[in-house]
Undergrad: 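Before anything else, here's the structure in question.
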Amino acid sequence: MDPVIIVGAGPIGLALALSLAAQHVPSVVLDEGDGTQEERTARTVVLRQDTAALVERLGCTDAPAQGAVWASWRSMRRKQVVRELTLGEHEEFPAPLHLPQHDLTHGLYAAAEAHPLIELATGARVDTIEQDAKGVTVHTREPGYLYWRGSYLVGCDGARSTVRKLLGIRFAGRTAVERHAVAALRTELPWPETALLHRQPPWRGAGPEVTARPLPDDVWRLDWLLPPRGDLVTPDALVTRIRDTLAGWCGTTPPYELIDTGVYTLHHRLAQRWREGRSFLAGDAAHLLGAIGTQSVDEGLRDVENLAWKLAHAFHHDASEELLDSYEAERRTSVASRLRAADQVLPILRGGGGLRAALPGAGKSHDSLLTDGHLGNGALGALPTYPHSPLAPLPPSAETRADVDTPYGAPVTDVPVTAPDGTAVRLWERFGQGHLLVVLVAPGTGVWDRRHWMSAGVMPRLAAAVTALPVPAELLVAEGYPGATAHTVLLVRPDGHLVAAFDGVHPAELYAAADTARGGARESPEALEEAPDAPVNTDRTADVN
């Protein structure tokens, strides 16, 4: 088949190319620019636990060193500390990674340049898209008139997406939801490695809200909330804000080095469709968000992880329309929910408290709502779940279902597992390789040689059932999993979302769930015979015997 064409060489387009390459799918990345990145320290990204893990899996291993992992979170109102959280100690508040966006893009670009399955084409400005039953043809007019042929097309070309416009997809939403003056500077603040949210600072001219978020080498990003449609922020006015804010926190203005500044206007928009034939949208081309601490790049990387395995399945196994349609059904619904939650709490946080009783979750304090957005919790920031996905199988019967702490459709917990070759790895490290994961919870296996337990107990029957699945799958063994009892079997999608959990080995129900997860029919388990001679898939990517 022809490669996947990706339009846009920002972090989302590059991450998609690398995700596809990890699943043996070639791609061409059309970059309208010249391949260089403007270094803007005032433009940063906050990666949650799942997206930081994705970036590292894609080969951008320098990202943690280029960013700062927040040790704690402090919330203040006027002169009082309202809340202080130590991050990383509890599952509820994992420590996010904060780094300049250009560093993230540089790392992904270097990894893409080194990969033989990725072609990077600079100076390629798209002007026409044509689709047919077998692929997509893209024409670029600069620097030369070229035609590119691909199996699928993904527009990752940002808020002003040419792909979205050529496909005729509306981009409805709200303009100028929030506006921030931003400065990146090097200085010493009284709370190193701590991100700060300060509401209603007591000094004159501070505005309603200011945040300080650490970066490496004593660099901080400061954001001042501005009126959505206020006056222009002059350089002199911004310097005055910096001096007054530092003096308010430190008593006197400490020495500082101003590195970068900017004024960012945040919009909330959602593309009406994310798929048009063989063309898809991802990242800012599909959605814009960012108010109240929500993270647009974070959501774009989740688009990537959701879409990549489905395109890989289509490339290698001729995926069903249901599987490809599920990308929009899952991701657009998730992002729409995030935007809806932000729009609901904005009147409360910005002065319209009269709506409090009518809004879901509005009973939370201002501090809790803002913390949710900045730290990735609640409706404003929690990991996406897809409980109503078209890929969700019928629930297992009461006799075969296992209860675990992870709801169906939610991301699984990262636990230590043993891989088929006997090596000890983390579960999240096995995501994004194009196959389903079957995890057996077997306490005690860690103290026994793998040669013994691979041929004991339920393992031979489970290994045979995994081999017979309609799609490639990898069998992993875990000492434990939150809420699971011994011999619980988890079926996990390539992007880490739980499909089903079974109390023991049930080949027919495991087969039916795997078939639905790849976009097949939602067959009742009773329609399949629970027998060892179930259909065998001979196209294996993991040896489980």
Side-chain angles (χ1 to χ4, degrees), residues 11-12 15-16 19 45-55 57-58 91-94 96-97 154 156 268-271 274-275 280-311 323-345 360-361 372-393 404-414 427-428 431-432 437 482 490-500 517:
I12 307 308
L16 179 59
S19 295
V45 297
V46 178
L47 301 181
R48 318 295 189 195
Q49 194 176 24
D50 61 320
T51 51
L54 169 62
V55 165
R57 284 199 307 274
L58 296 179
E91 186 176 326
E92 184 183 1
F93 295 106
L97 175 66
V154 185
C156 304
H268 279 181
R269 293 188 180 276
L270 188 66
W274 290 26
R275 181 190 179 194
F280 300 82
L281 300 176
D284 284 356
H287 51 75
L288 292 178
L289 68 165
I292 325 176
T294 55
Q295 293 293 316
S296 187
V297 171
D298 232 25
E299 292 301 327
L301 290 172
R302 288 166 180 160
D303 297 344
V304 165
E305 192 148 40
N306 187 289
L307 180 59
W309 74 270
K310 297 170 183 178
L311 288 179
L323 181 65
L324 296 177
D325 284 341
S326 71
Y327 166 65
E328 176 180 319
E330 292 176 348
R331 289 300 304 145
R332 189 180 186 279
T333 300
S334 177
V335 174
S337 176
R338 193 88 80 214
L339 287 169
R340 191 178 307 113
D343 286 343
Q344 286 174 338
V345 301
D372 282 352
H374 283 278
L375 296 185
N377 278 298
L380 289 173
L383 297 181
T385 62
Y386 311 126
H388 306 298
S389 166
L391 305 183
V404 296
D405 289 354
T406 303
Y408 285 9
V412 294
T413 302
D414 190 19
L427 179 54
W428 284 17
F431 296 171
L437 303 174
L490 308 176
L491 180 62
V492 183
R493 296 185 350 175
D495 58 354
H497 289 256
L498 182 65
V499 177

Undergrad: What closest approach, in Å, do Leu383 and Pro411 show between heavy atoms, and which atom pair accounts for it?
TA: CB-CG, 3.8 Å
Undergrad: Would a 4.5 Å heavy-atom cut-off, applied to side chains only, mark Leu16 and Val154 as touching?
TA: yes
Undergrad: Mark yes or no for whether Arg332, through its side chain, and Ala271, through its backbone, hold a donor-acceptor pair below 3.5 Å.
TA: yes
Undergrad: Do Ile12 and Leu301 come close enough that some side-chain heavy atom pair is under 4.5 Å?
TA: yes
Undergrad: Can you see which heavy atom on Arg338 is nearest to which on Gly378, and at what distance?
TA: NH1-O, 4.2 Å
Undergrad: Return the minimal non-hydrogen interatomic distance between Tyr408 and Val499, and the atom names on each side.
TA: CD2-O, 3.7 Å
Undergrad: Checking the side chain of His497 only, and the main-chain atoms of Gly409 only, is there a donor and an acceptor separated by less than 3.5 Å?
TA: yes
Undergrad: Taking all heavy atoms of Ser19 and all of Val304, pick out the closest pair and write down the distance.
TA: OG-CG1, 3.4 Å
Undergrad: What's the separation between atom CZ in Arg331 and atom CG in Leu281, rounded to the nearest 0.5 Å?
TA: 13.5 Å
Undergrad: Are the side chains of Pro96 and His374 in touch, meaning some heavy atoms are under 4.5 Å apart?
TA: no
Undergrad: Leu289 and side-chain contact (heavy atoms from CB on, under 4.5 Å): which single residue from Asp343, Leu380, Leu339 fits?
TA: Leu339
Undergrad: Answer yes when Asp495 and Arg493 have at least one side-chain N-carboxylate O distance shorter than 4.0 Å, and no when they do not.
TA: yes
Undergrad: Between the main-chain N or O of Leu391 and the side-chain N or O of Ser389, is there a donor-acceptor pair closer than 3.5 Å?
TA: yes
Undergrad: Check whether any side-chain heavy atom of Val45 lies under 4.5 Å from a side-chain heavy atom of Leu97, and answer yes or no.
TA: no
Undergrad: When you look at Val404 and Leu498, which way does the side-chain contact (heavy atoms from CB on, under 4.5 Å) test go after all the steps?
TA: CA-CA 10 Å; Val404 296; Leu498 182 65; 4.0 Å; yes
Undergrad: With a 4.0 Å cut-off, would you call Arg302 and Glu299 a salt bridge?
TA: yes
Undergrad: For Asp372 and Val345, run side-chain contact (heavy atoms from CB on, under 4.5 Å): C-alpha distance rounded to whole Å, both residues' side-chain angles, the deciding distance at 0.1 Å, then the answer.
TA: CA-CA 11 Å; Asp372 282 352; Val345 301; over 6 Å; no
Undergrad: Apply side-chain contact (heavy atoms from CB on, under 4.5 Å) to the pair Asp303 and Trp274, showing each step before the final yes or no.
TA: CA-CA 10 Å; Asp303 297 344; Trp274 290 26; 3.7 Å; yes
Undergrad: Passes side-chain contact (heavy atoms from CB on, under 4.5 Å), Asp284 versus Val297? Steps please.
TA: CA-CA 8 Å; Asp284 284 356; Val297 171; over 6 Å; no
Undergrad: Looking at Ser326 and Leu323, would you say the former's side chain and the latter's main chain have a donor-acceptor pair under 3.5 Å?
TA: yes
Undergrad: Locate the shortest heavy-atom distance separating Ala342 from His268; write the atom from each residue and the value.
TA: CB-CE1, 3.7 Å
Undergrad: Strictly distance-based, threshold 3.5 Å: is any side-chain N or O of Ser334 a donor or acceptor partner for the main-chain N or O of Glu330?
TA: no
Undergrad: CG of Leu58 to CG of Leu54: how many Å apart, nearest 0.5 Å?
TA: 4.5 Å
Undergrad: What heavy-atom pair brings Gln295 and Val46 nearest, and what distance separates the two atoms?
TA: OE1-N, 3.3 Å
Undergrad: Mind checking whether Tyr327 and Phe280 have parallel, tilted or perpendicular rings, split at 30° and 60°?
TA: perpendicular
Undergrad: Look only at the side chain of Trp428 and the backbone of Val412, and say whether a donor-acceptor pair between them is shorter than 3.5 Å.
TA: yes
Undergrad: Check whether any side-chain N or O of Ser337 sits under 3.5 Å from a backbone N or O of Thr333 as a donor-acceptor pair, and report yes or no.
TA: no
